[in-house]
Amino acid sequence: AQECQNLEVERQRKLERIKQKQSQLQELILQQIAFKNLVQRNRQQEQQTSRPPPSNSVIHLPFIIVNTSKKTVIDCSISNDKFEYLFNFDNTFEIHDDIEVLKRMGMACGLESGKCSPEDLKIARSLIPKALEPYLTEMAHGSINNVYVP
Amino acid sequence: RTRILVSIGESFGSSEKFHKINQMVSSSERTLKRGLDMSSAPKPLKRL
Amino acid sequence: RYQALVKEVSDLGETEQRLDELITKCNLQLKLLTEDPQNKKLAYVMCQDLRNTVDPPDQLLMVVKAPPGTQMQVSDPSEGMQISLKSPHGPIDVFLCPED
């Protein structure tokens, strides 16, 4: 009975780790799709305009954004070498990374919310290796719950 | 008291941390608003 | 019950191992993808893209470009709304995204 109990504990721990790793795999797949989609979009746009956009109108990955109300007063201290910054806000703010921005731009084909149309799913499939396709199908309707044997 | 630390450049986990930060910051706004609402609500009259 | 548990734990161990292998492969694929010079040149967003992701769109929007390993610390709101950034190597750049 004691050994059964120990195995139950181990089983639970493994299940939790598997869940966390499935989530990690899902995020990696999303990042791959979003990145490739972005690169493809920009390549097509540059081909259409025959030149790249002005360098001061674009931000290259990686980056982080901080957004707040335009009425917010921000007190900013910067070290001389720009290695340290300190921001004091008098209002709430939000922080998002570049991947979140790409998801909001629709670059992840709706997979981040499990709402992926058949057309988007087709695009997403073309952006990942074949071995990851079973996971994509699951993600299109929710999240990864199974691990497929390659 | 509580500080959330994020290391920029992590391949996994930073999105969740930012989400946590945003929740922490926005919950403070809700607490502040609730406090303001409660303090501005009129006190009920006592029954004789 | 013991035998069933032993089998289940063993199966879960294999599942976890397969996941570890997949995650390692995906990490490597992503690294190669993001470090490819041609992809790096094309991996950008426009200011309008950033504006379209925030609600309302006329918010104040800062973009932080920091070297990997930069520590960002956000204090508890009761101690004040504060963000601190500390880079171990290389300067941090902060840009304001124009409203239009």
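The chains referred to below are lettered A, B, ... by the order of the sequence lines, with proteins before strands, and numbering in each begins at 1. Heavy-atom basis, side chains included; hydrogens, waters and symmetry copies ignored.
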With a 4.5 angstrom heavy-atom cut-off, is it the side chain or the backbone of [X] that approaches chain C, or both, or neither?
X        : result
A:Ser69  : backbone
A:Pro129 : side chain
A:Ile78  : neither
A:Asp81  : backbone
A:Phe83  : both
A:Ile128 : neither
A:Glu94  : neither

Is the shortest heavy-atom distance from the side chain of [X] to the side chain of [Y] under 4.5 Å?
X       : Y       : answer
C:Met81 : A:Thr68 : no
C:Ile92 : A:Lys82 : no
A:Phe87 : C:Met62 : yes
C:Met72 : A:Ile95 : yes
C:Asn39 : A:Phe35 : yes

Charged N to carboxylate O below 4.0 Å: is that the case for C:Glu16 and A:Arg13?
no
How far does [atom1] of [X] sit from [atom2] of [Y], to the nearest 0.5 angstrom?
X       : Y       : atom1 : atom2 : answer
C:Gln17 : A:Lys21 : CD    : NZ    : 10.0 Å
C:Gln82 : A:Asp75 : CD    : CG    : 9.5 Å
A:Ile29 : C:Gln29 : CD1   : CD    : 9.5 Å
C:Leu22 : A:Gln24 : CG    : CD    : 11.5 Å
A:Lys36 : C:Leu42 : NZ    : CG    : 14.5 Å
A:Asn56 : C:Cys47 : CG    : SG    : 8.0 Å

Top contributor to chain A interface from C:Leu50, C:Thr53, C:Val45, C:Asp20 [non-hydrogen pairs under 4.5 Å]:
C:Val45
So which of C:Val6, C:Leu61, C:Leu12, C:Thr15 has the largest heavy-atom pair count under 4.5 angstrom toward chain A?
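Maximum pair count with chain A is reached by C:Leu12.
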Closest heavy-atom contact between A:Leu28 and C:Leu30?
CD2-CD2, 3.9 Å
Restricting to non-hydrogen atoms, name the atom on A:Leu86 and the atom on C:Ser84 that form the minimum distance, rounded to 0.1 Å.
CD1-CB, 3.6 Å
Give the C-alpha distance, both sets of side-chain angles, the deciding distance and a yes or no for side-chain contact (heavy atoms from CB on, under 4.5 Å) between A:Leu132 and C:Cys26.
CA-CA 9 Å; A:Leu132 295 174; C:Cys26 278; 3.8 Å; yes
Counterpart residues, side chain to side chain contact (heavy atoms under 4.5 Å, CB included), relative to A:Glu16 (two or more places apart):
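In terms of side chain to side chain contact (heavy atoms under 4.5 Å, CB included), with neighbours along the sequence ignored, A:Glu16 is linked to A:Gln12.
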Of all residues at least two apart in sequence or in a different chain, which pass the salt bridge (charged side-chain N to carboxylate O under 4.0 Å, His left out) check with C:Asp49?
A:Arg41
Could you give me the CA-CA distance, side-chain angles and deciding distance for A:Tyr85 and C:Ile83, then say whether side-chain contact (heavy atoms from CB on, under 4.5 Å) is met?
CA-CA 8 Å; A:Tyr85 278 68; C:Ile83 299 176; over 6 Å; no
Look at atom CD of A:Gln45 and say whether more than 12 heavy atoms of other residues, nucleotides or ligands are closer to it than 6.0 Å.
yes
Using non-hydrogen atoms and a 4.5 Å limit, figure out which bit of C:Ala66 sits close to chain A: side chain, backbone, both or neither.
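For C:Ala66, no heavy atom lies under 4.5 Å from chain A.
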Can you tell which part of C:Pro88 gets under 4.5 Å to a heavy atom of chain A, answering side chain, backbone, both or neither?
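The answer is the backbone of C:Pro88.
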Main-chain N/O of [Y] paired with [X] side-chain donor or acceptor, under 3.5 Å:
X       : Y       : value
A:His60 : C:Lys41 : yes
C:Lys65 : A:Pro62 : yes
A:Asn42 : C:Tyr44 : yes

Considering only heavy atoms and a distance below 4.5 Å, find which of [options] pairs most often with chain C.
options                    : answer
A:Ile74, A:Val101, A:Ile64 : A:Ile64
A:Glu8, A:Arg11, A:Arg104  : A:Arg11
A:Gln40, A:Glu46, A:Met107 : A:Glu46

For A:Met105 and C:Asn52, what are the C-alpha separation, side-chain angles and deciding distance, and is it a side-chain contact (heavy atoms from CB on, under 4.5 Å)?
CA-CA 8 Å; A:Met105 284 167 64; C:Asn52 292 342; over 6 Å; no
Pair A:Lys14-C:Glu8, side-chain contact (heavy atoms from CB on, under 4.5 Å): steps then yes or no
CA-CA 10 Å; A:Lys14 280 192 192 293; C:Glu8 195 180 350; over 6 Å; no
